[in-house]
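Each chain gets a letter, A, B and so on, in the order its sequence line appears, and its residues count up from 1.
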Amino acid sequence: MYRTHNCGELRLKDAGKQVVLSGWIQRSRDLGGMTFIDLRDRYGITQLVFNMDQDASLCEEARKLGREDVVRIDGAVRERSNKNKNLPTGDIEIEVRAIEVLNRSELPPFTIEEDTDGGEEIRMKYRYLDLRREPLKKNLILRHRLAQKVRHYLDIADFLEIETPALIKSSPEGARDFVVPSRIHKHQFYALPQSPQIFKQLLMISGFDKYFQLVKCFRDEDLRADRQPEFTQIDCEMSFVEREDVLNLFEGLIVYLLDAILQIKYNGVFPRMTYREALERYGTDKPDIRFGLEITDLTAEAGGKGFRVFDTAEYIGGICVPECAGYSRKQLDQLTEFVKRPQIAAGGMVYVKFQEDGSVKSSVDKFFSVDELKGWGERAGAKKGDLLLILSGEKSRTLFALSELRLEMANRLGLRKKGKYAPLWVVDFPLLEWNEDENRYQAMHHPFTSPLPEDVSLLENHPEQVRANAYDLVINGVEIGGGSIRIHDSALQDRMLKLLGFSDEETVSQFGFLLEALRYGAPPHGGIAFGLDRLAALFGNTESIRDYIAFPKNNAGRDMMADAPNFISQKQLDELNLRFRE
RNA sequence: GGUCACGUAGUUCAGUUGGUUAGAAUGCCGGCCUGUCACGCCGGAGGUCGCGAGUUCGAGUCUCGUCGUGACCGCCA
């Protein structure tokens, strides 16, 4: 037998018991006459004690143990004379009678202690050792608990977990597909799913009514801290629902998870905000509403008054930062540099300081009267001591820059508080967006998203004005999930695909089976998908989803431990009828 | 496709204006130590300064290139 108990469970009440423990050597403290060893497993750490007086040869043996050796020990639990209050097992120790070394360890390249040492490169290469450490272990446990609670909530709500295929047909819309060559069918390829979208709609047509799945999705696009080529979605679909039905149910899921995992009670309903409102108030479709600093449109007030930069701008907007009128020239220059960075690309920044003494100081006071400046302040809700930061230019770019500036100021002022969760639903996204490269409209969400019923008549003549019956869940500025009510009418779906530029033949070859299915009594349906990795990172209060994935890829999509992707043998290539160009 | 940062001992980092033998902490090895728990004390080993070229009397330091890692922009329905 390897163990009667784990290394985290023995307490004072167990004193006197004969136990067997197995685990890794965390650290040993050799005092000469006696030696203490911390034995670690997934559950915790238990101290072993060896004494020269009692068993010299056993003590000698213990002194030879090195970090990360795997051992099995026999011994008796006893109360410590010196207790350690920092350890759950700190009241007891094991007086060891026998050691069996199960496996020696080479010296690990970094210590298995805290998260302080080991750069990204080496930690990724030895991911299995990094996973022994507390921070990553804690993250994976958090992810597990999230997944369990999700399953519980949806099960109670009558959802059925149904698997969908991973080898599917490539679809032209959306992200780049990962493809898999078929051996049996020469020159043909499967694709890995970007999401089970069509399959879950087919399940609705099959009458399953409420479906969910914790499912891997694959997108061959460039990576970020919060993007991996393979990631996990909580994928859901429901029949006979309208938008509010979906929002209410999944709002309930988030409220339940906040309570069950973090013991945070969320009162009330999540705010609903249109896409347009989100852009105008926050400059982005995924606003962080843990704090204010909202954007004020100053185009009417500040334009056309003889200041050339503003007069030629399509849009002028500002954010009022409380109690920052005392900002120095240096601090303001830093902010100007920030917004002029190529990634943000604002032309410059105008400030107005509303001083405590009631006076106004601005970088543009040559061009505007004090009353005009005060008028802006009034509109932006500035009080004495506040600082108004103004950007101008082409509208969408300027709003983007303002949203970045808003986040930067919030970071500087410590307004993005960890442990606070501010969810909202963003709704009424545009159905379509213009694709410059391909000179055509494309679906903003996906081609199966239903337009709002009142906008359907605009489809052919004013496609850019059509709003989608779609919604995103945003928490703390992170897009956690999104979905839509789907098109369940084959004629409307046909119109939609035509609008996207598909010919009849393309429509039939790409989506024929879905269009056909829609003709056999498709119920009204809609759904949503959440990013489990992002949800875990959000609950764990960190940015990088890699820390919540056991074996992630680096930012070039490479598995640094296994060294994938990699070449395959000529034999494999031959079987697949593949040959390299060049 | 592009921008930025970093790359020095097993690990995390310091290294001045370009100047003699490249340091610290930690880890590792050896010795001492009977209540430690980041044990303590003493001693020791450990370096292709990512790689290549250039400037220079002289390069860890400056320049260019290259590779690696991270972050971001484009991209991601």
Without decimals, in angstroms, what is the distance between [X] [atom1] and [N] [atom2]?
X        : N     : atom1 : atom2 : answer
A/Asp177 : B/C75 : CG    : P     : 18 Å
A/Asp30  : B/C41 : CG    : C1'   : 13 Å
A/Lys125 : B/G10 : NZ    : P     : 13 Å
A/Ile94  : B/C37 : CD1   : P     : 20 Å
A/Arg80  : B/C39 : CZ    : C1'   : 13 Å
A/Arg176 : B/G1  : CZ    : P     : 10 Å
A/Phe36  : B/C37 : CZ    : P     : 9 Å
A/Glu60  : B/C32 : CD    : P     : 10 Å

Take a 6.0 Å sphere around [atom1] of [X] and say whether it holds more than 12 heavy atoms from other residues, nucleotides or ligands.
X        : atom1 : value
A/Lys340 : NZ    : no
A/Arg11  : CZ    : yes
A/Phe567 : CZ    : no
A/Phe189 : CZ    : yes

State whether the distance check finds a donor on one side and an acceptor on the other, under 3.5 Å, for side chain A/Arg78 versus base B/G35.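 By the distance-only test, yes, there is a pair.
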
Indicate, yes or no, whether a donor-acceptor pair under 3.5 Å links the base of B/U36 to the side chain of A/Asn82. no

Spacing of the [atom1] atoms in [M] and [N] (rounded, Å):
N     : M     : atom1 : answer
B/G31 : B/U17 : P     : 45 Å
B/G7  : B/U16 : P     : 12 Å
B/G10 : B/G58 : P     : 30 Å
B/G65 : B/G2  : P     : 12 Å
B/U11 : B/C49 : C1'   : 16 Å
B/A24 : B/G46 : C1'   : 14 Å
B/G44 : B/A25 : P     : 13 Å
B/G19 : B/C33 : C1'   : 46 Å

Closest to the [X] side chain: [options]?
X        : options             : value
A/Arg219 : B/C76, B/A38, B/C72 : B/C76
A/Ala225 : B/C72, B/G74, B/U36 : B/C72
A/Asp222 : B/C75, B/C72, B/G70 : B/C75
A/Arg224 : B/C39, B/U34, B/C73 : B/C73
A/Ala175 : B/U34, B/C76, B/C72 : B/C76
A/Asn555 : B/G70, B/U34, B/C37 : B/G70
A/Ser81  : B/A71, B/G35, B/C72 : B/G35
A/Glu121 : B/U11, B/U36, B/G68 : B/G68
A/Arg63  : B/C33, B/U34, B/G70 : B/C33
A/Glu120 : B/U69, B/C76, B/U11 : B/U69

Scan A/Lys85 against the nucleic acid and name what it touches under 4.0 Å (heavy atoms): base, sugar-phosphate only, or nothing.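 Since no nucleic acid heavy atom lies under 4.0 Å of A/Lys85, the category is nothing.
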
At under 4.0 Å between heavy atoms, what does A/Thr35 touch on the DNA or RNA strands: base, sugar-phosphate, or nothing? nothing

If you measure only the distance, is there a donor-acceptor pair under 3.5 Å linking the side chains of A/Tyr190 and A/Ser170?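 No pair is found: no donor N or O on one side chain lies under 3.5 Å from an acceptor on the other.
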
Under 4.0 Å: is that the gap between some side-chain N or O of A/Arg546 and OP1 or OP2 of B/G70?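 Result: yes.
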
Any residue of residues 491-501 of chain A with a heavy atom less than 4.0 Å from an atom of RNA chain B: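 Contacting residues: none.
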
A/Phe448 and A/Phe511: aromatic ring centres closer than 6.0 Å? yes

Charged N to carboxylate O under 4.0 angstrom, A/Glu337 versus A/Arg341?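 Looking at A/Arg341 together with A/Glu337, the answer is no, because their closest N to O distance does not fall below 4.0 Å.
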
Is it true that a side-chain atom of A/Thr284 and a backbone atom of A/Pro287 form a donor plus acceptor pair closer than 3.5 Å?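 Checked: no pair found.
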
Restricting to ring-ring contact (aromatic ring centres under 6.0 Å, His included), what partner residues turn up for A/Tyr315, sequence neighbours left out?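 In terms of ring-ring contact (aromatic ring centres under 6.0 Å, His included), with neighbours along the sequence ignored, A/Tyr315 is linked to no residue.
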
